[in-house]
Amino acid sequence: MNKIMFFAHLRDHVGEESVTKDASGKTIAELKQLLSEEYGLKLDTVMAAVNEEFASDDEVIQDGDTVAFIPPVSGG
Amino acid sequence: MNKIMFFAHLRDHVGEESVTKDASGKTIAELKQLLSEEYGLKLDTVMAAVNEEFASDDEVIQDGDTVAFIPPVSGG
Amino acid sequence: MNFEISKEPIDIQSVIDKVVQREAGAITTFIGTVRELTHGKKTLYLIYEAYEAMAVKKLEQIGKEIKERWDGAEVAITHRTGKLDITDVAVVIAVSTPHRADAYEANRYAIERIKEIVPIWKKEHWEDGEEWIGNQLETVAYPEGKPEAKDLNE
Amino acid sequence: MNFEISKEPIDIQSVIDKVVQREAGAITTFIGTVRELTHGKKTLYLIYEAYEAMAVKKLEQIGKEIKERWDGAEVAITHRTGKLDITDVAVVIAVSTPHRADAYEANRYAIERIKEIVPIWKKEHWEDGEEWIGNQLETVAYPEGKPEAKDLNE
């Protein structure tokens with residue numbers, strides 16, 4: 001299983017800090033597509049992180065990985 | 001009369017923080033020449049200030065003016 | 001612990017203390033504060049949210065990048081989260097180096113990198129609404145909202 | 001009293017407090033500290049001497065120059081005098097501005113100007129001697145040891 005984390009407007013939209021899903025074997029792009037359909041999220045300009053490191057769209061998710069969606073940041 | 005102030009190595013050399021002299025009517029250049037002879041000071045690369053403002057070599061000293069000699073600064 | 005995310009107000013002196021070194025002649029700090037007006041619009045307060053574990057890692061990465069680029073540099077960064085009022089301190093970056101030019105440049109580099117790669121977001125609250133703010137880079141076009149390829153997996 | 005010469009240790013936070021403003025999103029500070037090694041030579045301690053009345057005036061002048069050049073800037077500077085040990089703080093410059101690029105640039109301007117026009121001198125003490133140090137400008141040739149004509153009578 002995988003922990004999927006949301007931040008900023010994504011968190012507000014989904015209404016959860018994280019959800020648990022089996023995403024193993026899927027690419028980030030495939031997971032984005034799935035979540036877009038399930039929650040009506042717009043994820044095409046959103047970065048992903050796998051286990052706290054930025055990940056590209058073609059990275060394949062392993063069982064146990066934590067996936068986070070990172071909207072454009074605005075710290076500082 | 002005029003208060004003539006010395007700083008840094010000039011103060012060490014003269015052995016006084018300041019001396020009192022009548023320099024009125026003299027230019028800064030003339031006062032430098034006089035002090036060079038009297039104390040063996042090398043003042044050609046030293047700036048002067050009159051009443052706490054930088055003064056050029058041709059400025060004429062008035063009675064009551066405070067004159068200070070300002071070696072290259074090294075604050076900060 | 002030179003790189004921290006803090007829910008409490010930041011003690012600036014304690015961030016500075018982390019970079020004091022006998023080899024340093026210069027320490028620069030950048031203190032990001034909550035400004036009342038942005039594009040003429042009045043901010044009431046901000047909420048900062050962070051992906052804390054990853055944010056700390058990315059701050060550490062920025063510190064590492066600085067030490068590689070500026071010889072003898074020490075770096076400490078603390079970023080606040082939660083509700084911040086006008087003039088509250090959101091971030092403190094302290095950099096020490098042997099010579100002052102490096103201290104300014106390395107510090108500037110740190111804030112620009114924070115605005116590129118550190119997962120922290122702010123929500124502005126105005127009298128007539130609220131909004132999560134996208135990237136705040138003032139100088140770099142960043143239309144896709146994602147870090148450059150070079151930033152990935154570093 | 002945003003511009004001071006102090007015989008006592010400088011409280012950095014109190015200098016920063018002077019430039020906090022609701023319009024500022026950025027505060028930069030420069031903290032000049034006593035470095036142990038200069039050109040490989042080991043400093044034991046420094047003595048700073050100032051022409052205090054004129055130094056305060058010249059710091060005020062620098063503040064005025066900054067406010068003219070950088071819109072909305074606030075500036076505070078305190079310079080220490082007396083005996084300073086390694087890592088002691090010699091000078092603190094705090095600048096606040098609405099936007100961060102200005103805060104870095106204006107702060108950098110302040111330290112360069114201090115090294116040009118403010119009558120403060122340091123005497124370095126080493127194991128084998130001591131010497132009053134001439135100008136410390138790292139970037140500008142200044143062979144005559146005097147400010148540019150434009151600095152006079154400003």
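Chain A is the first sequence line, chain B the second, and so forth, proteins listed ahead of strands; every chain is numbered from 1.
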Under 4.5 Å, heavy atom to heavy atom: which of residues 5-39 of chain B reach chain D? Give them by number, or say none.
-> B:M5, B:F7, B:A8, B:H9, B:R11, B:D12
Residues B:K42 and B:D44 bridged, charged N to O under 4.0 Å = yes
Would you please go through residues 79-92 of chain D and name the residues with a non-hydrogen atom below 4.5 Å from one of chain B, in numerical order?
-> D:H79, D:A90, D:V91
In terms of heavy-atom proximity below 4.5 Å to chain B, should D:A50 be classed as side chain, backbone, both, or neither?
-> backbone
Pick from D:L46, D:I120, D:I114 with the largest number of heavy-atom pairs that fall under 4.5 Å of chain B = D:I120
Under a 4.5 Å cut-off applied to non-hydrogen side-chain atoms, are B:T66 and B:V50 in contact?
-> no
Does the side chain of B:M47 come within less than 4.5 Å of B:F69's, by heavy atoms?
-> no
Tell me, do B:V67 and B:I4 make a side-chain contact under 4.5 Å, heavy atoms counted?
-> yes
Under 3.5 Å, is there a donor-acceptor pair between the D:E124 and D:Y45 side chains?
-> no
Note, D:K123 side chain near D:I133 side chain (heavy atom, < 4.5 Å) | no
Donor-acceptor contact below 3.5 Å, side chain D:N107 vs main chain D:I93 = yes
B:N51 versus B:D65, side-chain donor and acceptor atoms under 3.5 Å = yes
Contacting moiety of D:W121, where chain B heavy atoms sit under 4.5 Å = both
Kindly say whether D:V75 contributes a backbone atom to a donor-acceptor pair with the side chain of D:K18 at under 3.5 angstrom?
-> no
Any side-chain heavy-atom pair from D:F30 and D:R108 closer than 4.5 angstrom?
-> no
Please flag which part of D:Y48 lies under 4.5 Å from any non-hydrogen atom of chain B: side chain, backbone, both or neither.
-> side chain
With respect to chain D, which residue among B:G76, B:A68, B:A49 yields the maximal number of heavy-atom pairs within a distance under 4.5 Å?
-> B:G76
Looking just at side-chain N and O atoms, do D:R100 and D:T97 make a donor-acceptor pair shorter than 3.5 Å?
-> no
Identify the residue among D:E23, D:E74, D:Q21 that makes a side chain to side chain donor-acceptor pair (under 3.5 Å) with D:S96.
-> D:Q21
